[in-house]
Amino acid sequence: GENVEQHPSTLSVQEGDSAVIKCTYSDSASNYFPWYKQELGKRPQLIIDIRSNVGEKKDQRIAVTLNKTAKHFSLHITETQPEDSAVYFCAASPYNNNDMRFGAGTRLTVKP
Amino acid sequence: DTAVSQTPKYLVTQMGNDKSIKCEQNLGHDTMYWYKQDSKKFLKIMFSYNNKELIINETVPNRFSPKSPDKAHLNLHINSLELGDSAVYFCASSQVGELFFGEGSRLTVL
């Protein structure tokens, strides 16, 4: 089955700096790569996703890049704000979605 | 209107007891899941169902028995609870793409 690895496990940045979280996956059948944000005590919620026919996608301060050959994808957050503090999860699955596997999570802390 | 709802939100019980968590989605999705999130926040898939049929059973002890009476419901029954079962259990649903999670059910086994 799919194995998703995520780094770093914790990340602390100053407000206004950029944050980058990296993931690798093992199964070449995976073609859908979402990122979820989980605030303390809340459910994970989708913040951005990318499919394997696209190399990069951007939504305001958030961008995701995908290198399908190397089987890795990354989340970039620019101009970080304290409200970006949360645990971020990458995931990978076939697009039909029966089997979505998550990375171990990155705890991001943005210091004001 | 809550898209994915699960009950109860909190469950405190003794070792050896049996408990159930219920999940319902009103999004019309075909696929539903149970994930376990332990104290280290790792989200581990337990089961996925597509149109009431079991698709994924991820090496979960057979004390855990999911049941999907229809595609809008996926319940989780746990027998003979152990200390290591303490976790937050998330139900989720999807069609294609995004998973929609319920609020989670925090199970504490004493």
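Keep in mind the model is a prediction, meaning the values are calculated, not measured. Computation of the quantities below employed the complete heavy-atom set of this structure, encompassing side-chain atoms and omitting hydrogens, waters and symmetry-equivalent molecules.
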Exercise for the section: Check whether more than 12 heavy atoms from other residues, nucleotides or ligands sit under 6.0 Å from atom NZ of B:K52, and answer yes or no. Expected result: no
Handout entry: Shared hydrophobic cluster, B:M46 / B:L99 (ILVMFWY, side-chain heavy atoms < 4.5 Å)
Key = no
Problem - Connected via hydrophobic side-chain network under 4.5 Å: A:W35 and A:Y25 - result: yes
Practice task
Identify the heavy atoms of B:Y35 and A:M100 that sit nearest to each other, and give their distance.
Solution key: OH-O, 2.6 Å
Exercise for the section: Answer yes if B:F42 and B:V88 sit in the same cluster of Ile, Leu, Val, Met, Phe, Trp and Tyr residues linked by side chain heavy atoms under 4.5 Å apart, and no otherwise. Expected result: no
Fill in the blank from the handout: Those residues of residues 101-110 of chain A that come under 4.5 Å of chain B on a heavy-atom basis, listed by number, are A:R101, A:F102, A:G103, A:A104, A:R107
Practice task
Would you indicate whether B:K44, at its atom NZ, is surrounded by more than 12 heavy atoms from other residues, nucleotides or ligands within a distance under 6.0 Å?
Solution key: yes
Problem - Interface residues of residues 100-110 of chain B facing chain A - non-hydrogen atoms under 4.5 Å apart - result: B:F101, B:G102, B:E103
Practice task
Answer yes or no: is there a side-chain heavy-atom contact under 4.5 Å between B:V96 and A:Y32?
Solution key: no
Handout entry: For B:Q37 against A:F89, the heavy-atom pair lying closest together
Key = NE2-CZ, 3.5 Å
Practice task
Could you please state which residues from residues 38-47 of chain A sit under 4.5 angstrom from chain B, measuring non-hydrogen atom to non-hydrogen atom, sorted by number, or 'none'?
Solution key: A:Q38, A:K42, A:R43, A:P44, A:L46
Handout entry: A:Q60, CD atom: more than 12 neighbouring heavy atoms under 6.0 Å
Key = no
Problem - Contacting region of B:V4 [heavy-atom separation from chain A under 4.5 Å] - result: backbone
Exercise for the section: Find the distance between OG (A:S9) and NZ (B:K40) and round it off to the nearest 0.5 Å. Expected result: 11.0 Å
Problem - Worked verdict on B:L43 versus A:Y36 for side chain to side chain contact (heavy atoms under 4.5 Å, CB included) - result: CA-CA 11 Å; B:L43 269 169; A:Y36 285 79; over 6 Å; no
Exercise for the section: Tell me whether B:L81 is reachable from B:Y10 by hopping between hydrophobic residues (I, L, V, M, F, W, Y) whose side-chain heavy atoms are closer than 4.5 Å. Expected result: no
Handout entry: Check: A:D99 and B:I55 side chains under 4.5 Å, non-hydrogen atoms
Key = no
Practice task
Assess whether atom CD of A:E15 is packed by more than 12 heavy atoms of other residues, nucleotides or ligands within 6.0 Å.
Solution key: yes
Exercise for the section: Treat each ILVMFWY residue as a node, draw an edge where side-chain heavy atoms are under 4.5 Å apart, and state whether B:Y33 and B:Y49 are in one component. Expected result: no
Exercise for the section: Decide if atom CD of A:E83 counts as having more than 12 heavy atoms of other residues, nucleotides or ligands within a radius under 6.0 Å. Expected result: yes
For residues 16-23 of chain A, which side-chain N or O atoms pair as donor and acceptor with protein atoms under 3.5 Å away, sequence neighbours left out?
none

